[in-house]
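Order of appearance sets the numbers: ligands from 1, and atoms from 1 within every ligand. None of the values given here were measured: they were computed from a predicted structure.
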Amino acid sequence: MNPDTVYRPLPATFTARDVMRDAPVIPVIVVHDVAHAVPMARALVAGGIRMLEVTLRTPVALEAIRAIAQEVPEAVVGAGTVRSAADAKAAAQAGARFAVSPGFTVSVGRACRDLGLPLLPGVATGSEIMMAQDEGYDALKFFPAMQAGGAAMLKAWAGPFAEVSFCPTGGVSPANAQEFLALPNVACVGGSWLTPADAVAAGAWDHITRLARAAAGLARPGT
Ligand code: 3PG
């Protein structure tokens, strides 16, 4: 999404593919202090990134999701690090509108479907892709992308899994994002670089807006 354009309204129900298509980068966010959640979300939205993955890795993660959902209407907050059906339920109750998981299990897949929560399940092997497809998922997170084979792995998967769209995450940075985004089976990438811990701790929201703006402006020639 061009940061200078107005956000297109999302339909009442949207899919994981819609989440992936919205912008070139999904920020992977770790919130340690709930007071940071709302200004951080506003900073990202101001830079053209509204799909926000708040990871369930800290004690305040659900509270952060709730705060963003209530106070930043332009943002579409999702939960990351969803590892169980209980995580999915808690995230949805807090206001998460999509979920991202580091791996795939049938129970997480079914829980998200029952909750109406679009899910980007994590995969790192062909068997995991096939299990996710068996459960109806074909918009997948490739995690951990760099450690599990990087762009070369995605090129190899484009043959047998041509219909699958990926969001590589893990070791993706401004230095290599464009290489991933050029691939026809990559819709977007995920990464933590938009919300560096030191910038968040310092309340450097303008810096985060600049990082978001640069990310939002990345080209996606592959899609
Ligand atoms: C994570 O789970 O932390 C994400 O994959 C982010 O990884 P990154 O810090 O390498 O972007």
### Task
Could you list the atoms of ligand 1 found under 4.0 angstrom from a heavy atom of Gly191?
11 (O)
### Message
Give me the residue, atom name and distance of the protein heavy atom closest to atom 11 (O) of ligand 1.
### Response
Ser192 N, 2.9 Å
### Message
Could you identify the single nearest non-hydrogen protein atom to atom 10 (O) of ligand 1 and state the distance to 0.1 Å?
### Response
Gly171 N, 2.7 Å
### Message
To check your reading of the model: name the closest protein heavy atom to atom 7 (O) of ligand 1, its residue, and the distance in Å.
### Response
Gly170 CA, 3.7 Å
### Task
Evaluate the side-chain contact (heavy atoms from CB on, under 4.5 Å) criterion for residues His32 and Val200: first the C-alpha distance (whole Å), next the side-chain angles of each, then the deciding distance (0.1 Å), finally the verdict.
CA-CA 10 Å; His32 293 285; Val200 173; over 6 Å; no
### Task
Would you sort out whether Val106 and Met131 count as a side-chain contact (heavy atoms from CB on, under 4.5 Å), showing the intermediate values?
CA-CA 8 Å; Val106 170; Met131 283 190 279; over 6 Å; no
### Task
Run through Val77, Thr55, Leu44 and flag the one making a side chain to side chain contact (heavy atoms under 4.5 Å, CB included) with Ile29.
Leu44
### Query
For Pro168, which of Asn185, Asn176, Val186 qualifies under side chain to side chain contact (heavy atoms under 4.5 Å, CB included)?
Val186
### Query
What distance do Lys141 atom NZ and Phe166 atom CZ have between them, rounded to the nearest 0.5 Å?
13.5 Å
### Query
So is Arg57 polar-close to ligand 1, meaning N/O to N/O under 3.5 Å?
yes
### Within-cut-off N or O pair, Phe143 and ligand 1, under 3.5 Å
no
